[in-house]
Amino acid sequence: MPEIKTEPVNLELSKLVPGNDNIQKEEVIVEWDDYFGQRKKYSAYPLVKILDTVLRNHHLDKENTIVIFDCIDGYKPSLPVSELYGNIQGYLVDASGPDSLPHKFQPYYLVWKGPMIEVKKYPWPYGLSGLQLVSANEMFKVIKPAGADKSTGFQLFYSNCLKCHSINKIGGKMGPELNVPKNITEYWTERDIVGFCRNPASYRYNSAMPPITNLSDKELAEIVSYLKYMKGHKTHAK
C-alpha cells in the first residue's frame, strides 16, 4: 500500500505538462461539449497520464485522494481521483493552441470523453491553471458531518456548492465563504437563502451566480440544515 500523504500536492500545469515526454497529446472526439453544446474534436493531454506520474512520484493512494481543479477565476470543482480511472476519460486542452478557444479559456480547458448523458455530470472548467491533490480524509474532516442525519445535505452541498463556495476555507473562491468567521445562517434567514438560490438577480444586481434549478425545495432545505450544523463546527477561523 502506498504511503498516504496528508499535505496537499499543488501542481502548476504550465510547468508540469509542456515538454513532458511521458505526456503526449491525443486526438479526442467529445460527443457533447457542455460549454459549446455540440460535438467537438480536440488535440489534448489525457488527464490520467498526468495523474499517473504525480501519484507515483508523490506516493499517493488514488483510492483516498481528491483532485481539485484550480481555475484562474476561483472556480474549484473536485472529484475523487479513483473516478478519473473509470469509463469517462478527462483531457486537458491547451487553450492557447490551435483549437481556437476563447481567450478566457487559457491556459487549459478540461473536457470529457464518454456518452453525453454521463459527461454532462462532470465539471467543465476553463481557465484551468493547476491541480491540487489532497487526502480525502484530511479534506472531509473539517467539512463532513459526524452523524448520518446531515449526510444528505453534505453530499448535496459537496456536489453543487463547494466548487464555487468554501466552508471552513475548503472549496471555491467564486462565491463567499459560508461558515467563517460567520455562518450564512447567522445573518440570512432560510427563506432568503433559498430565495437567493432560486433567483440571485432578485437579491443582487449583476450577480454572477446562476439560478439553481436542478435541486428541489426539499434538497435546498437539506443544504440549509447542513449549513446550520456547520455553524457549530467552525475551524480555521483566524
Side-chain angles (χ1 to χ4, degrees), residues 8-14 16-17 28-40 42 44-51 54-55 62 65-95 99 101-102 104-134 136 139-140 143-144 154-167 169-178 197 200 208-215 219 223:
V9 175
N10 296 293
L11 307 168
E12 188 176 340
L13 291 176
S14 63
L16 178 68
V17 178
V28 56
I29 296 176
V30 175
E31 294 297 337
W32 176 261
D33 186 299
D34 194 61
Y35 182 87
F36 294 101
Q38 64 185 50
R39 190 173 189 259
K40 296 278 286 185
Y42 295 107
Y45 299 102
L47 185 56
V48 292
K49 293 290 186 181
I50 299 170
L51 293 175
V54 175
L55 292 171
K62 67 182 179 183
T65 302
I66 302 290
V67 59
I68 301 171
F69 302 99
D70 283 330
C71 301
I72 57 177
D73 60 2
Y75 186 57
K76 282 191 173 187
S78 62
L79 286 170
V81 166
S82 58
E83 192 169 335
L84 303 176
Y85 285 81
N87 295 328
I88 307 301
Q89 300 170 342
Y91 290 84
L92 290 183
V93 180
D94 184 349
D99 290 307
L101 291 171
K104 66 180 180 179
F105 277 55
Q106 296 183 18
Y108 291 97
Y109 174 42
L110 178 62
V111 303
W112 301 94
K113 179 181 178 181
M116 182 177 73
I117 193 171
E118 294 296 328
V119 299
K120 287 174 72 71
K121 301 175 184 177
Y122 282 72
W124 293 72
Y126 54 81
L128 183 61
S129 60
L131 307 175
Q132 290 184 55
L133 297 175
V134 300
M139 177 177 173
F140 289 148
I143 64 173
K144 187 174 183 179
F154 164 73
Q155 291 295 339
L156 289 166
F157 184 88
Y158 176 75
S159 300
N160 295 276
C161 311
L162 198 66
K163 62 192 72 172
C164 294
H165 295 275
S166 62
I167 192 157
K169 295 189 176 180
I170 300 293
K173 297 180 179 179
M174 288 188 75
E177 155 71 34
L178 298 178
C197 289
M209 181 172 167
I212 302 301
T213 59
N214 64 312
L215 298 177
E219 288 172 322
I223 291 175

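This is a predicted model, so every value here is computed, not measured. Both backbone and side-chain heavy atoms feed into the values below; hydrogens, waters and symmetry mates do not. We number each residue from 1, following the sequence as shown.
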Determine yes or no for a side-chain-to-main-chain donor-acceptor pair under 3.5 angstrom, with [X] supplying the side chain and [Y] the backbone.
X: Trp124; Y: Tyr109; answer: no
X: His165; Y: Glu177; answer: no
X: Glu31; Y: Pro115; answer: no

Note, [X] side chain near [Y] side chain (heavy atom, < 4.5 Å):
X: Phe140; Y: Val134; result: no
X: Leu110; Y: Leu92; result: yes
X: Leu101; Y: Tyr35; result: no
X: Leu13; Y: Leu131; result: yes
X: Val54; Y: Leu16; result: yes
X: Tyr122; Y: Pro77; result: no
X: Met209; Y: Cys197; result: yes
X: Leu133; Y: Leu51; result: yes

From [X] [atom1] over to [Y] [atom2], what is the distance, rounded to the nearest 0.5 angstrom?
X: Cys164; Y: Asp73; atom1: SG; atom2: CG; value: 8.5 Å
X: Met116; Y: Asp34; atom1: CE; atom2: CG; value: 10.0 Å
X: Leu11; Y: Ile50; atom1: CG; atom2: CD1; value: 9.0 Å
X: Ile66; Y: Glu83; atom1: CD1; atom2: CD; value: 9.0 Å

(message) Surrounding NZ of Lys49 (heavy atoms of other residues, nucleotides or ligands, distance under 6.0 Å), is the total greater than 12?
(response) no
(message) In terms of relative ring orientation, are Tyr126 and Phe105 parallel, tilted or perpendicular, with 30° and 60° separating the classes?
(response) parallel
If every non-hydrogen atom of [X] is compared with every non-hydrogen atom of [Y], which pair is closest and at what distance?
X: Pro107; Y: Asp94; value: O-OD1, 3.7 Å
X: Pro200; Y: Pro210; value: CG-O, 3.8 Å
X: Ala44; Y: Val28; value: CB-CG1, 4.1 Å
X: Phe69; Y: Pro125; value: CB-CG, 4.3 Å
X: Lys113; Y: Ile29; value: CG-O, 3.9 Å

(request) Go through the steps for Ser14 and Tyr108 under the test side-chain hydrogen bond (donor to acceptor under 3.5 Å, both in side chains), then give the verdict. (result) CA-CA 9 Å; Ser14 63; Tyr108 291 97; over 6 Å; no
(request) For Asn214, check side-chain contact (heavy atoms from CB on, under 4.5 Å) against everything at least two apart and list the hits. (result) Asn160, Ile212
(message) Set out, in order, the CA-CA distance, both residues' side-chain angles and the distance that settles side-chain contact (heavy atoms from CB on, under 4.5 Å) for Tyr91 and Val30, then state yes or no.
(response) CA-CA 10 Å; Tyr91 290 84; Val30 175; over 6 Å; no
(message) Between the side chains of Lys76 and Asp70, is the shortest nitrogen-to-carboxylate-oxygen separation below 4.0 Å, so that they form an ion pair?
(response) yes
